[in-house]
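Numbers here are sequence positions counted from 1. These numbers come from a predicted model, not from an experiment.
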Amino acid sequence: MNAGEIGAAAGRIFNYKAPLNWIIRSQEDQDDHGIDCEIELKDSSGKALGQERLFKIQLKGQENCSFIEDGQKLSFSVSRARLQYYLNFNIPVILVVVQVSSEEIYWVSVTDNKEILEKVRDSSTDTLTVHLPVENKLEKNDLVSFDRLLVAVQECWDFLSIRDLKAAVSNCKTLQPEALNTCIEQIGDALFKAYHIKLDQLLLDRSFDDLYQQASNIIQSRIVPAKDRFLATLYFDYAFKIAPYKQIKNEQIEEQLKLCECLVVFAREQKEAAFRLTAIAKARSSLFSFKVEQLLAHHHSNENFKSDSFEYLYMNREIHKQYHDACAQLQKIINMCHRLVNLGQFDILADLMCDVALSIGMFKKIHTARGSNEAIAFLDEWFEKMLHTVLMYSSIFCEMRKIEQLYLMVNLQSELKAIVKFDVRSLILEHCPSAEKLLDALNNVMASKEEPKPLFEASIEEQKQFFADMAKSLGMDPDDPASREGQFVAIGLANYDPTDIIGHCEHMFVDYRPRGMIAQQLGMHSLSMPIMTCLKHKHTVGTGNLLIKAFDNSEGPEFALGFKQSHCDKCSDCSPREDDWVWNLKWQQEERKKHVDWLDKIDF
């Protein structure tokens with residue numbers, strides 16, 4: 001085959017294997033000058049997608065290619081002038097080499113290729129060698145192989161944006177003051193857009209520490225425009241809800257409220273309706289979530305009191321006040337949703353629903369117990385219609401992150417699932433068929449998710465986490481050294497599992513006697529005074545502090561030695577349990593029944 005025949009064959013092979021949604025425009029002239037073809041992508045309706053979905057292809061054919069490095073790279077020679085010509089384009093250029101004998105197609109990006117850039121800059125030879133990795137191979141009907149090329153095209157566009165930005169900065173020195181101000185503004189917009197892309201990538205990669213640092217630098221900067229500080233705060237807020245760097249519950253709430261305050265300040269500075277509405281929506285959704293979380297914790301804790309007790313009546317009155325406060329906050333959110341619909345601000349509405357959907361599901365539990373039938377029916381009908389609107393909007397615009405959030409919330413929270421009567425999956429796929437893989441993946445995740453265990457069947461750590469979370473919601477954070485009630489709960493959590501004590505000897509038992517309002521609120525057995533007793537010799541010690549310290553305290557004075565030092569160390573009947581023996585709540589209850597006569601005689 002001569003050169004012309006090889007070139008023609010390469011063109012036919014490439015056109016045959018290219019995806020159907022590629023618009024291939026030939027740009028080759030008779031003298032083989034210029035670029036070979038331009039590619040533009042089109043959507044499912046056949047509409048061309050335009051800028052950043054456009055790139056150039058330099059197509060080369062060889063009857064048999066030369067491979068190096070044990071066949072891992074294709075080696076191809078190109079004139080230095082030709083490569084320099086490709087690098088001058090303001091649009092991505094991809095070099096494609098077709099091995100005609102095997103009809104195999106390989107590619108490499110030229111625009112952002114460091115190896116090519118260095119060779120063109122440093123080499124003085126007229127011909128340069130370009131290496132094409134064999135993994136960059138295009139196969140017909142293998143969309144993954146073509147998608148890999150499109151990712152490279154997008155990286156080329158990013159490279160060109162930075163190159164143009166550097167060129168613009170370099171040209172600033174020749175501009176007049178007025179033109180210089182315009183240039184600085186435009187460069188700033190491009191720079192901060194790059195920052196936002198970086199924040200988005202950090203969020204996708206779950207690099208939260210880097211995201212916090214990057215966003216903080218933008219938020220605190222005095223030269224960054226308000227709109228960019230606002231967007232950085234939104235990224236910070238989203239990450240903080242997923243991975244808060246504050247461990248104390250009250251501090252987490254304070255941090256979120258500070259972020260809401262920042263959004264309000266930046267929105268006032270920016271003076272645009274969309275920013276103002278977003279800031280208000282974030283503030284209201286945060287306040288509603290905090291109130292509902294606390295309300296739900298109090299609602300559950302009140303079930304631990306006897307219905308005719310003073311504590312029950314007192315707490316019930318407090319819960320009713322909290323319920324009315326939550327209703328007032330929800331009314332503000334409902335009014336805002338209607339306002340956003342009237343203004344056509346569906347993107348802000350979708351974000352608001354993502355923020356409050358779970359809280360509405362939690363509120364539904366208390367609302368069912370305390371609200372009127374009319375109010376309950378109204379909330380159900382309103383939420384279903386609002387969710388339908390938001391899902392339709394998010395699906396039309398293929399907002400995958402919002403689709404994922406709402407789909408999971410509705411399917412995982414039973415209260416929301418009971419409200420929604422329409423087929424969520426069908427609605428999404430009707431307007432966004434490309435979401436099918438995402439929904440299938442989410443279904444697989446939900447199918448593999450274990451059903452919640454009863455408290456008795458959960459692990460010790462899961463049980464302790466349950467009580468710790470409830471205590472935090474009630475304002476008694478065990479992680480907060482400044483909270484007196486929280487530290488009381490922390491001691492109860494430390495005393496929760498007496499394996500180390502009871503495992504020391506089969507005659508040992510710890511009898512828990514929860515007392516006081518906090519113990520009743522949480523329904524946690526280890527709050528208040530635990531009592532250690534030897535069931536054989538009837539030695540008994542009670543403590544209001546750390547149980548393990550009361551059991552084993554060899555370094556204390558004679559009168560303050562631990563139970564172990566005072567009784568066990570000199571006991572000939574000490575009989576350790578098996579090494580793998582572990583205490584649990586069920587064992588505790590069954591064992592207490594066996595020795596109830598003796599245990600009830602112990603009075604502290």
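No donor-acceptor contact under 3.5 angstrom links the side chains of Ser207 and Asp210, judged on distance only. In summary, the side chains of Thr125 and Ser123 do present a donor paired with an acceptor at a separation below 3.5 Å, with no hydrogens or angles considered. Side-chain contact check for Asn113 and Tyr86: no donor-acceptor pair (N or O, by modelled atom type) lies under 3.5 Å. For the residue pair Glu104 and Tyr106, a side-chain donor N or O sits within less than 3.5 Å of a side-chain acceptor on the partner. Donor-acceptor pairing under 3.5 Å is recorded for the side chains of Gln270 and Glu272.
One finds the CD1 atom of Ile68 at 8.0 Å from the OG1 atom of Thr129 (value rounded to the nearest 0.5 Å). Taking CD of Glu436 as the start and OG of Ser434 as the end, the distance is 10.0 Å to the nearest 0.5 Å. A distance of 4.0 Å separates NE2 of His338 from CE of Met386, quoted to the nearest 0.5 Å. Annotation: the span from Ile403 atom CD1 to Tyr393 atom OH amounts to 11.0 Å, rounded to 0.5 Å. The CD1 atom of Ile333 sits 9.5 Å away from atom CE of Met353, with the distance rounded to the nearest 0.5 Å. Atom CD of Glu430 and atom OG of Ser395 lie 9.0 Å apart (nearest 0.5 Å).
Here the side chains of Leu263 and Leu234 are in contact, with some heavy-atom distance below 4.5 Å. When side chains are defined from C-beta on, Leu349 does not count as touching Gln345, because their heavy atoms never get closer than 4.5 Å. Looking only at side-chain heavy atoms (C-beta outward), Ile23 and Glu38 stay at 4.5 Å or farther from each other. Contact of the Leu257 side chain with the Phe290 side chain is registered, since non-hydrogen atoms from C-beta on lie closer than 4.5 Å. Counting heavy atoms from C-beta outward, Ile94 and Phe55 have side chains that approach closer than 4.5 Å. Counting only heavy atoms from C-beta outward, the side chains of Lys60 and Val96 never approach each other to under 4.5 Å. The closest side-chain heavy-atom distance from Lys17 to Leu138 is not below 4.5 Å. Considering only heavy atoms from C-beta on, Arg80 comes within 4.5 Å of Leu128 through its side chain.
A centroid separation of less than 6.0 Å is found between the aromatic rings of Phe146 and Trp22. Taking the ring centroids of Phe236 and Tyr212, they lie under the 6.0 Å cut-off.
With respect to Lys137 and Glu135, no salt bridge is recorded, no charged nitrogen being found less than 4.0 Å from a carboxylate O. Using a 4.0 Å cut-off between a side-chain N of Lys or Arg and a carboxylate O of Asp or Glu, Glu118 and Lys114 do not qualify as a salt bridge. Checked for salt-bridge contact, Lys249 and Asp479 miss the test: no charged N lies under 4.0 Å from a carboxylate O. The pair Glu40-Arg25 meets the salt-bridge criterion, since a charged nitrogen lies less than 4.0 angstrom from a carboxylate oxygen. Between Asp347 and Lys402, at least one side-chain N (NZ, or NE/NH1/NH2) sits under 4.0 Å from a carboxylate O, which counts as a salt bridge. Classification of Arg425 and Asp440 as a salt-bridged pair holds, one side-chain N sitting under 4.0 Å from a carboxylate O.
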*Quick one: do Asp209 and Gln213 satisfy side chain to side chain donor-acceptor pair (under 3.5 Å)? Show the steps, please.*
CA-CA 6 Å; Asp209 289 341; Gln213 185 62 54; over 6 Å; no

*asked:* Could you go through Val110 and Leu87, starting from their C-alpha distance and side-chain angles, then the distance that decides it, and tell me whether this counts as side-chain contact (heavy atoms from CB on, under 4.5 Å)?
replied: CA-CA 7 Å; Val110 175; Leu87 291 172; 4.0 Å; yes

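Cation-pi geometry between Lys140 and Tyr16 is met: under 6.0 angstrom from the ring centre, within 45 degrees of the axis. Annotation: cation-pi pair Arg401/Tyr238 present, NZ/CZ under 6.0 Å from the ring centroid and within 45° of its normal.
A pairwise comparison of heavy atoms in Cys432 and Met400 identifies SG-CE, 3.7 Å as the closest pair.
Residue Glu103 qualifies as open at atom CD: its count of foreign heavy atoms under 6.0 Å is 12 or below.
The backbone N or O of Lys271 sits nowhere less than 3.5 Å from a side-chain atom of Arg276 that would complete a donor-acceptor pair.
Here the options are Ser286, Ser285, Ser289, the test is side-chain hydrogen bond (donor to acceptor under 3.5 Å, both in side chains), and the partner is Ser359; only Ser289 passes.
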